[in-house]
Every structure is written in structure tokens, then in C-alpha cells.
Amino acid sequence: MVIRIAAVGDVHLDEDVVGRFRPALEELPECADVLLLAGDLTRHGTEAEARCVAQEFGGLAVPVVTVLGNHDHQCDQVPQVVKVLEDAGITVLEGDGVVLDCAGGRLGIAGVKGFGGGFAGRCASDFGEPEMKAFVRTTNESADRLGAALRSLDCDMLVALTHYSPVPDTLVGEPLEIYPFLGSYQLGQAIDSAPTALAVHGHAHAGTERGTTPGGVRVRNVAHPVIKQAYSVFHVGDQLDTDQVSPIGGSGSQRSWS
Amino acid sequence: MTNDQAGGAAPPDEYVEAEIQRLLTEDPAVAEQGITVIRREDALVLYGEVESPHRREEILRRVSERFPDVSITSDIGVIRAQAPTEIEQLP
């Protein structure tokens, strides 16, 4: 069983970017069963910017599944943004999931935006001022929703989609001081509470592509400034063509569809 | 704001750096969180990557406008958006 997943985050669309991704997106059916968008689709989260996202990522030949990012919340127009995206056929996840029938099996995707808080031993605690407690509780609730959604899906392969990072591994390159604003260990704990095959996130523009949760789940930071291409493609499964398998420490393998 | 300290050859101070870093995110005309401000001798250099040439120009314009007495240069790139040439196999 092999399921082909394309993913990118942090595309920050506005009128000045429309059309830049489209030529590459038209090639998606050749290499992927689904496109995941890891949040920060827009610059300020306006309805007008969401229409740019709908124009760029709508009407593709593969299903598109997204979570929102912090930028998509900036103008407090989340309901309007979600409606524009859904009207364009894009599935927007926030504490829920979707199961897609792919050629290689049923792919379950659970998603939340997530939130900050930091990582084990260096994280914020639910203690003290109301503002600090609200901050940490937002993280906890988001992670709880992600875990519940992951455990609820009946599928052959499970993928977690977030904007904030579930592990510090994929933040390497960012200043240590801002790690608590880039992700939280609770998201990793939620991912490890289910038989997740892959976790995909964005948000950390100066981070690193690859990481692993403490439970051994592969994590990929697909923020556009990190991957420096229209999207990354992951072929996930247990019957891969061994000629194509990446060597350990290698950066990948040549695309097989060209 | 500390514009009054930053005239002529005076080195940019940390408060100016902080102001610029916040402006890059909080100014609606910029709204970038991925730009780094680095101090080099008597100038500040902006590093990072954005989605369009227009945004790169707008960043330099807005920062120079707000801090006319600070010497600022930009080394900001535009992120490529071509289709990938490799896939990653995850057994």
C-alpha cells in the first residue's frame, strides 16, 4: 500500500502571488493523491485573500485539505475565509478529520491549527495569571482535539496536519528563544496517541524539513520558505519500489513520473 | 521609539532592531514573521525570503520610511515555486 501525499504551508497568498504556484499544481495528479496545506494560506486572513487562495488551489485534479494558520486569523474573518475555501472545494480541518479513498487505500487526515507553548522541560505551564493559563489551555485544548480526531478515523493510513510544530526537531535554524511561539510538545503527544504514519506542519520559516516525535512518527516541516519549491511529495507505504527508496541521510529520490 | 539617537554615524541600537522586527510583522503592508534583522557595523541588514518581488521592495520602503536615519540594506530573496524534482519515500 502506497499513498502519495503532496504538502506545502505558509504560501501567504495575496493578489501579487496568484498564478505563481499554478503551473506546478497542474502536475499534481502525476505524483500525488492529495495536497495538504499546512496553514498560513493568506497574509492577513481576509476574505479577499482567501479568494486568491481559492483561485490558486481550487479546481485541482486532486483533493485539497487544509488547516488555517495564525496569519489566517489576523483580521478576525475566519468564518468568511473558511466559507470561501470550502466553496472552492477545499476541505478545512479544525479539530476534525476526513478519510479519502486513494488508489493505495483509505487515507485519514486529522487537522488542527495548533498553538505555541514550547517543548518538554522548557514549556509554559497552566499556572499564574489568567492570560498565561488561557495561553496554555488553548494549546491543551487544540492538542486534545487533534488526538481525538486522529483516534476517531477509520482508515488504512493516518496523517496529522497542523500549522504549529509538534516537535523541536523541525525548528532547528530558528532562534531557540522563539521555540515556545512555534509549537508545543502536546501536539506531538496527541500524534503519538494514535497510529499516525506522518505529521506535516508549517509556521517555522527558518526551520528544518525533517524530524520525529518521541513515539517515532515522522514529522515534516513543509513551510514554503523551508522546502523552496511549490510542494513536497511523500510516498508513504510498506510496498515501495526499493529502487526508489532514499538512502539513509539522503535528501530524497528522483521523481519517478518524469 | 529611539529615532533621535540614530542620527548620522551613530550605531543602531537594540531598541531600533526591536522596533523594526515588530514593524515587519505588525505593519499590515508587510506582515512578515520570517525576516531577520542582523546588525553589521553601522548598518542593519534584513535577511529572509518572501513570496513576491513586490513584497521585498515594500519591506525596504516601509522600514526606510519609518527609520530614515538608519542605514538599512536588504538581502531578501523570493521563494522559488517550481514543481519538485524529487520525492521522499517513507517506508
Side-chain angles (χ1 to χ4, degrees), chain A residues 2 4-6 10-14 16-17 20-28 31-32 40 43-44 70-71 74-75 175 197-198 203-206 209-210 218 220 223-225 227-242 244-246 251-258, chain B residues 12-40 44-63 65-66 73-91:
Chain A
V2 176
R4 308 174 308 162
I5 298 165
D10 306 81
V11 291
H12 295 289
L13 255 73
D14 201 344
D16 59 334
V17 178
R20 285 195 76 221
F21 288 84
R22 197 71 193 191
L25 295 172
E26 299 291 354
E27 297 183 22
L28 273 172
C31 63
D40 276 6
R43 298 177 79 189
H44 310 91
N70 56 311
H71 277 249
Q74 168 62 14
C75 283
L198 175 68
H203 193 44
H205 289 205
E209 282 189 74
R210 296 177 177 84
R218 272 92 51 114
R220 294 295 179 266
H224 188 213
I227 65 172
K228 295 183 170 60
Q229 54 190 2
Y231 46 83
S232 288
V233 178
F234 310 104
H235 287 190
V236 191
D238 51 13
Q239 293 177 350
L240 298 172
D241 179 348
T242 51
Q244 294 180 17
V245 173
S246 310
S251 61
S253 56
Q254 290 300 311
R255 53 195 271 178
S256 57
W257 63 90
S258 58
Chain B
D13 68 296
E14 288 191 18
Y15 294 121
V16 174
E17 273 182 71
E19 287 273 344
I20 291 174
Q21 196 77 62
R22 287 189 59 184
L23 177 148
L24 290 168
T25 301
E26 296 171 12
D27 182 343
V30 181
E32 296 284 350
Q33 292 191 288
I35 305 297
T36 308
V37 183
I38 306 279
R39 202 185 310 180
R40 293 266 184 266
L44 292 175
V45 187
L46 306 178
Y47 288 100
E49 298 196 70
V50 295
E51 293 289 343
S52 76
H54 169 74
R55 293 185 194 181
R56 177 171 57 192
E57 290 154 20
E58 192 67 2
I59 287 171
L60 197 55
R61 190 181 73 79
R62 296 291 288 188
V63 174
E65 197 174 84
R66 173 88 170 266
T73 59
S74 158
D75 193 10
I76 296 171
V78 177
I79 313 166
R80 297 181 291 275
Q82 81 288 0
T85 55
E86 295 182 344
I87 57 177
E88 184 179 5
Q89 304 276 4
L90 297 172

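Within every chain, numbering begins at 1; the chains are lettered A, B, ... in the order of the sequence lines, protein sequences first and strands thereafter.
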Original post:
Hey, which of A/A230, A/S232, A/P175, A/A206 has the most heavy atom pairs under 4.5 Å with chain B?
Top reply: A/A230
Subject >> Among A/E26, A/H203, A/R220, A/Q74, residue most engaged with chain B (heavy-atom pairs, under 4.5 Å) >> reply: A/R220
Non-hydrogen atoms of chain B under 4.5 Å away: do they reach the side chain of [X], the backbone, both or neither?
| X | result |
| --- | --- |
| A/R4 | neither |
| A/I227 | neither |
| A/H12 | both |
| A/P225 | both |
| A/D10 | backbone |
| A/R218 | side chain |

Original post:
Between A/K228 and B/E49, is there a side-chain N and carboxylate O pair less than 4.0 Å apart?
Top reply: yes
Subject >> Closest non-hydrogen atom pair, B/V78 against A/R20 >> reply: CG1-NH2, 3.9 Å
**OP:** Please tell me if the side chains of A/V17 and B/H54 come closer than 4.5 Å, counting only heavy atoms from C-beta onward.
**Re:** no
Subject >> Side chain proximity check, B/L90 to A/H235, heavy atoms < 4.5 angstrom >> reply: no
Out of curiosity, [X] [atom1] to [Y] [atom2], how far, rounded to the nearest 0.5 Å?
| X | Y | atom1 | atom2 | result |
| --- | --- | --- | --- | --- |
| B/E51 | A/F21 | CD | CZ | 4.5 Å |
| A/H205 | B/I79 | NE2 | CD1 | 7.5 Å |
| A/I5 | B/E88 | CD1 | CD | 11.0 Å |

**OP:** Please answer whether the main-chain N or O of B/E32 pairs with a side-chain N or O of A/R43 as donor and acceptor at a distance below 3.5 Å.
**Re:** no
Original post:
Can B/T25 and A/H71 be said to form a side chain to side chain contact (heavy atoms under 4.5 Å, CB included), step by step?
Top reply: CA-CA 10 Å; B/T25 301; A/H71 277 249; 6.0 Å; no
Original post:
So A/D40 and B/Q33, side-chain hydrogen bond (donor to acceptor under 3.5 Å, both in side chains) or not? Walk me through it.
Top reply: CA-CA 11 Å; A/D40 276 6; B/Q33 292 191 288; over 6 Å; no
Subject >> B/P28 portion near chain A, given a 4.5 angstrom heavy-atom threshold >> reply: both
